[in-house]
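Below: one structure, written as structure tokens.
Naming convention: chains lettered A, B, ... in sequence-line order (proteins, then strands); numbering from 1 in each chain. Not measured: the values here are computed from a predicted model.
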Number of protein chains: 2
Amino acid sequence: MRPKSLEKEEAIRTMALQIIAKEGLENLSMQKLAKAANISPRTIYLKYENKEDFLIKLFIEEVLGNYESAILEDFSPTMDFTEGVKKIWMNAFQYLKNNKPSFALIKYGKSSPLLNKAYQQKNIKQGDYFSPIHNFLELNITAGIIKNFPHDVLRALLNAPLIDLVSEYFDYLDRPQQIITEEMLTECCESVIKGLLK
Amino acid sequence: MRPKSLEKEEAIRTMALQIIAKEGLENLSMQKLAKAANISPRTIYLKYENKEDFLIKLFIEEVLGNYESAILEDFSPTMDFTEGVKKIWMNAFQYLKNNKPSFALIKYGKSSPLLNKAYQQKNIKQGDYFSPIHNFLELNITAGIIKNFPHDVLRALLNAPLIDLVSEYFDYLDRPQQIITEEMLTECCESVIKGLLK
DNA sequence: CAAATATAAGTAAACGTTTATTTATTTAAT
DNA sequence: ATTAAATAAATAAACGTTTACTTATATTTG
């Protein structure tokens, strides 16, 4: 029998992210995607049930999966709070800087009802109790190092500014001078940390 | 001659926001919108050039316009920094809490290339120099009260966590206990402020 | 060790439906 | 009677998905 072509699978995902980044999720169609990936529309349906199934798997497996791996590199829940948060911020910045199409879909994760639902179900399924970041926050709360906010709140305070700053980074790529440098990001990170320390 | 019906104009905008909030911007079509607003598709085109024109005007005029008015209520650029930021946060929370459909489109403002482009052009057009918030930040920087970050950076640090916390508020509406209360939001606001003070 | 077979991978072209938008007509108020 | 507002119905193009067919390879056969 004929073996599955991994390149085609990859072309589908890569081109989908490119179209989403350039034209928006609203303008991604299966036929457009097939043409961009240089395959027949039917081929997509050999690998995915339908458009929803494809988008959810693209978002959860490809985009969020890789993003989570990237931000946790060299990170440990037992790190000092300041060092740990800085590590995550810098990992995220480096990864997103070099993966603009993935970042485009990450941003849709908060707005699109389809993706948002998928994300919440994923978090509920995993119980969120095995996540190194969860442990990291828990350790620092019980040690009395940071304020005792619920985890969802801490995540909003720690993560949201970072995502917005990466957005600014990409916006500033079209302007004469980039303001979102690694130094600027470090300073911002320190501000966020300072706010959370007891 | 027959006068324009303001109710129809309003129905179009209201129903559009409802569809976007429930099904996502991806699933808003002109025909679906017309049916929901109980009018002919053609009627939308009497008031807007095309779909893009409609979405941009809905976003800029209706949603962002009302949002900006709401957050600036009883705010003054000469307020004490802590008081000013708290005022803006609470105004935003009260407004968004009661305008979930508008909030849905605000979130798309960062992800959808169409809306994002419109937003940036609006900001560039206005020069951003007349905004009370701009003046507020400028005053507090020059007075040496807060760190000297670029305005876009300050906006990310001040605004992004708030938007994420409002998202959490809506997510928690489906759960037994709401964690995003006004008290919680005040504490979060204080954390953010603490991080920015010199 | 070729040639034949089996079978999943892949395609081209089509399906009925929905899309954004328009044409031709009717309606309502001055 | 006039005129813009509003509509019902239609347009071509694009949509998600499927049908019917071809291709490529791993395995079986002679």
For nucleotides 1-5 of chain D, tabulate all protein N/O to nucleotide N/O atom pairs closer than 3.5 Å, reporting atom names and distance.
unit_1: D/dA5; atom_1: N3; unit_2: B/Arg2; atom_2: NH1; d: 3.3

Using distance only, find each side-chain donor-acceptor pair of residues 138-148 of chain B under 3.5 Å and give its atom names and separation, not counting sequence neighbours.
unit_1: B/Glu138; atom_1: OE1; unit_2: B/His151; atom_2: NE2; d: 2.7
unit_1: B/Asn140; atom_1: ND2; unit_2: B/Phe136; atom_2: O; d: 2.9
unit_1: B/Thr142; atom_1: OG1; unit_2: B/Glu138; atom_2: O; d: 2.9
unit_1: B/Thr142; atom_1: OG1; unit_2: B/Leu139; atom_2: O; d: 3.1
unit_1: B/Lys147; atom_1: NZ; unit_2: A/Ser191; atom_2: OG; d: 2.8
unit_1: B/Lys147; atom_1: NZ; unit_2: B/Gly195; atom_2: O; d: 3.0

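- The salt bridge (Lys or Arg N to Asp or Glu O under 4.0 Å) search around A/Lys22 returns none, not counting sequence neighbours.
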Treat primed atoms plus P, OP1 and OP2 as sugar-phosphate and everything else as base, then score nucleotides 14-23 of chain C 5' to 3': B for base contact with protein heavy atoms under 4.0 Å, S for sugar-phosphate contact only, - for none.
B----BBBBB
Could you go through residues 34-47 of chain A and list every donor-acceptor pair under 3.5 Å that involves a side-chain atom there, pairing it with any protein atom two or more places apart or in another chain?
unit_1: A/Ser40; atom_1: OG; unit_2: A/Arg42; atom_2: N; d: 3.2
unit_1: A/Thr43; atom_1: OG1; unit_2: A/Ser40; atom_2: O; d: 3.4

Residues 79-88 of chain A, side-chain donor-acceptor partners within the protein, below 3.5 Å, at least two apart:
unit_1: A/Asp80; atom_1: OD2; unit_2: A/Thr82; atom_2: N; d: 3.3
unit_1: A/Asp80; atom_1: OD2; unit_2: A/Glu83; atom_2: N; d: 3.2
unit_1: A/Lys86; atom_1: NZ; unit_2: A/Glu190; atom_2: OE2; d: 2.8

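- By the salt bridge (Lys or Arg N to Asp or Glu O under 4.0 Å) test, B/Lys57 pairs with B/Asp53, sequence neighbours left out.
- Scored by the ring-ring contact (aromatic ring centres under 6.0 Å, His included) test, B/Phe93 finds B/Tyr169 as partners (sequence neighbours excluded).
- Between A/Asp152 and B/Tyr172, some side-chain heavy-atom pair lies under the 4.5 Å cut-off.
- Remark: B/Lys110 engages A/Asp164 in a salt bridge (Lys or Arg N to Asp or Glu O under 4.0 Å) (not counting sequence neighbours).
- The side chain of A/Thr43 places an N or O atom within less than 4.0 Å of a non-bridging phosphate oxygen (OP1 or OP2) of C/dT11.
- When rounded to the nearest whole Å, the span between NZ of B/Lys35 and C1' of D/dA6 equals 18 Å.
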